[in-house]
Amino acid sequence: MRNRRIFYILGLATLPVFFASCSKELELEPQNDYLTQEQVRESSRALPDRGEGAQVGLYAELKKYDRMNLGAHADFGIGSIALMLDSRGDGLLCNLIHGYNKYLRDANYKFNSPTSFQNLFVYQSFYAFINASNNLLESTDPKTESPIILNQRAQAKAFRAWGYMNLVQLYQYTYIGNEDKLGVPIVTEGMTIDQKRNNPRKTVKEVYDFIETDLNEAYEVFKDMEASDTREYIDKNVTLGLLARMYLLKGEWQKAADAATAVIKGSNTAPLSKEEAGMPNFDDGQAYNMIWASVQTPEDRLTTSGLLNFQSMMCSLSGALTYSSVAPRRINPELYLAIDDTDVRKGWWVVPKDINIKKNGIHIKKNVQGLMNFLIFKGYPKEKAEKIADKVVEVYGIGNFVNVKFAPADKDIEKEENSSDFPLMRIEEMYYILAEAKGRLNLEEGKALLKEFVVEYRQSNYKKNMANLDEFIDEIYRQRRIEFWGEMISFYDMLRLKKPMTRIKDDKGIASFIYAEEQQFNLAADDPRLILQFPERELSQNTAIEQNEYKAPPSTGN
């Protein structure tokens, strides 16, 4: 089978793919019964309210191709936004500075101006999600008694709440201590054009109140319904998960713990086992650890585009044409070194051979364990796994600290199709929310919950000592940075926990050998560059908006 990765196109020798397609599938737990999509269609046809098409449109917005009509290769929906945001932090990096790194301007903070494509794309995308929700609400009867339509309206409200929860975190500092600062404009169903053009920013508290109302109203509908049989659609578990996130942001710890517990106990999900978490994964939105995912099919425009999708940008093992071949996403070495060697997640990144930096006395051991586990999963004998893993590294050009966390579609590295799904919410997040929320109420209880999860699912010999609440929160932050690397959570965590953006700890750190020079800077937790600028287009259309403070991009070395 012909392998079409970019570095072959650029003139390097085509190398054969040497092992067979996946013949062994992960066994998924049975899903709950629910109204199937076909049932929804049939019922909607029989009703005067035709909300089904608008419902499907909610989720289509997440994977919209070329929203801005500019042909930009970073314009492919929620997966691209995730890469933009995580590139702004200090855990994920791409150290190439040429055109194949589509997130270079995000990493060096040169995008944060009112006229930048990146700013407009993020802003316009989330308001497009909100607009899709409003369209569904406008096209359905709010007084309906139809369970089908009630369900669709509940999905729209929860989806809209999720959109605002993202926006308010990007355009203002985190909730606690900033409740009265300006957040974002609120657009609802039924607003006139004139109202939208004179729509000032609401305070952070007002935005969160709106979010909470939408989520609670959605849950009131969902709570007596069966959960969805597809992870693509919002249901009661997704809504509870969003409530858990929101209460964590607001510092309402008991409510956050209660919502997370309800998802853990009530959803038909479970965390990935150590064996499954120790190899490339996260390609399947229907997997049993997924609560919500953006599901991408072979027929979707992002797939047929070839390059414009999350798999192309993030998967180092795809058999199809990818950007990751020439612009791979790496982990900050400082974070990598903070992962214990016995933690199965360390296998999500590759070190092809031992690294010795004599100047700084740094020694890093070779690590191809994740690939070895993957090969064993595929049926290869254990005694040959390392040798074949070394060959995979060579064939796929996988360098130091490059990720293999995200598997190709169907875990098939020969498959010439970039159609893997994007995780929007995993059950693992609920365990971390529960531990953090409980720990803020009772430190020992939180520590016990955290240790229980990590020992069971990620690191059997985990014995981290956390002497006080600050150390506990630091450990929660470290754990979540590892667990949700590349999943649009880490940047928000940095803001929520008021952590500085720290790429270079000192001039002796190994990160200074990996980050490109123009990315070698740190930002304080209150640096205004962490908050986005409102796009010029929005300022011209909505004259009531007050702009955020602007600060020029950092100088190299700051």
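Quick caveat: nothing in here was measured; it's all calculated off a predicted structure. Note that these values count all heavy atoms, side chains included, but never hydrogens, waters or copies made by symmetry. We're numbering straight along the sequence, starting at 1.
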Before giving the answer on side chain to side chain contact (heavy atoms under 4.5 Å, CB included), spell out for Asn199 and Met191 the whole-Å C-alpha distance, their side-chain angles and the decisive distance to 0.1 Å. CA-CA 10 Å; Asn199 190 15; Met191 286 182 69; 3.9 Å; yes

Applying side chain to side chain contact (heavy atoms under 4.5 Å, CB included) to Glu436 and Ile473, what does each step give before you reach the verdict? CA-CA 7 Å; Glu436 179 180 346; Ile473 296 303; 4.1 Å; yes

Go through Arg245 and Glu429 one step at a time and tell me if the side chain to side chain contact (heavy atoms under 4.5 Å, CB included) criterion holds. CA-CA 9 Å; Arg245 286 180 180 176; Glu429 182 186 355; 2.8 Å; yes

Run the numbers on Thr304 and Glu299 for side chain to side chain donor-acceptor pair (under 3.5 Å), then give the verdict. CA-CA 7 Å; Thr304 61; Glu299 296 75 31; over 6 Å; no

Candidate pair Asp235 and Met225, rule side chain to side chain contact (heavy atoms under 4.5 Å, CB included), full reasoning: CA-CA 9 Å; Asp235 62 7; Met225 295 182 174; over 6 Å; no

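Counting heavy atoms from C-beta on, the side chains of Val187 and Asn131 never come closer than 4.5 Å. Under the 4.5 Å side-chain criterion, counting only non-hydrogen atoms from C-beta, Leu150 is in contact with Thr144. At a threshold of 4.5 Å between non-hydrogen side-chain atoms, the residues Asn289 and Pro271 do not count as touching. Contact annotation: the side chain of Pro280 approaches that of Leu317 to within less than 4.5 Å [non-hydrogen atoms, C-beta and beyond]. A 4.5 Å side-chain heavy-atom check between Tyr175 and Lys205 finds at least one atom pair inside the cut-off. Residues Gln254 and Lys438 form a side-chain contact, since some pair of their non-hydrogen atoms from C-beta on lies under 4.5 Å apart. Contact of the Ser316 side chain with the Asn403 side chain is registered, since non-hydrogen atoms from C-beta on lie closer than 4.5 Å. Residues Ile78 and Lys63 have side chains not in contact (no heavy-atom distance under 4.5 Å, counting atoms from C-beta outward).
No donor-acceptor pair closer than 3.5 Å links the side chain of Asn151 to the backbone N or O of Val221.
Phe453 is linked by a ring pair (Phe, Tyr, Trp, His ring centres under 6.0 Å) to Tyr431, Tyr432, Tyr457, counting only residues two or more places apart in sequence or in another chain. Every residue meeting the ring pair (Phe, Tyr, Trp, His ring centres under 6.0 Å) condition with Phe117, not counting sequence neighbours, appears here in chain and number order: Phe121. The side chain to side chain contact (heavy atoms under 4.5 Å, CB included) check on Asn198 picks up Ala544, with sequence neighbours excluded. Considering only residues two or more places apart in sequence or on other chains, Asp106 meets the side chain to side chain donor-acceptor pair (under 3.5 Å) condition with none of them. Qualifying side chain to side chain donor-acceptor pair (under 3.5 Å) partners for Asp86, counting only residues two or more places apart in sequence or in other chains: none. For Tyr477, the ring pair (Phe, Tyr, Trp, His ring centres under 6.0 Å) test picks out no residue, with sequence neighbours left out. In this structure, Glu456 has no side chain to side chain donor-acceptor pair (under 3.5 Å) partners at least two apart in sequence or on a different chain. In terms of the side chain to side chain donor-acceptor pair (under 3.5 Å) criterion, residue partners of Arg480 (sequence neighbours excluded) are, by chain and number, Asp493. Taking the ring pair (Phe, Tyr, Trp, His ring centres under 6.0 Å) definition, one finds that Tyr492 meets it with nothing, sequence neighbours left out.
For residues 64-81, every residue pair satisfying the salt bridge (Lys or Arg N to Asp or Glu O under 4.0 Å) rule, not counting sequence neighbours, is listed here: Glu61-Arg67. Pairs engaging residues 253-264 under the salt bridge (Lys or Arg N to Asp or Glu O under 4.0 Å) rule: Glu252-Lys255 [sequence neighbours left out]. Applying the salt bridge (Lys or Arg N to Asp or Glu O under 4.0 Å) rule to pairs touching residues 156-170 yields Lys157-Glu217, Arg160-Glu189, Arg160-Asp214, sequence neighbours excluded.
Applying ring-ring contact (aromatic ring centres under 6.0 Å, His included) to Tyr171 and the options Tyr164, Tyr127, Phe534 leaves one that passes, Phe534. Of the listed residues (Asp421, Thr303, Asn418, Thr322), just one forms a side-chain hydrogen bond (donor to acceptor under 3.5 Å, both in side chains) with Gln311, and that residue is Asn418.
Residues Phe159 and Tyr59 place their aromatic rings such that the two centres sit under 6.0 Å apart. Annotation: Phe222 is not in aromatic contact with Tyr219 [ring centroid separation under 6.0 Å not met].
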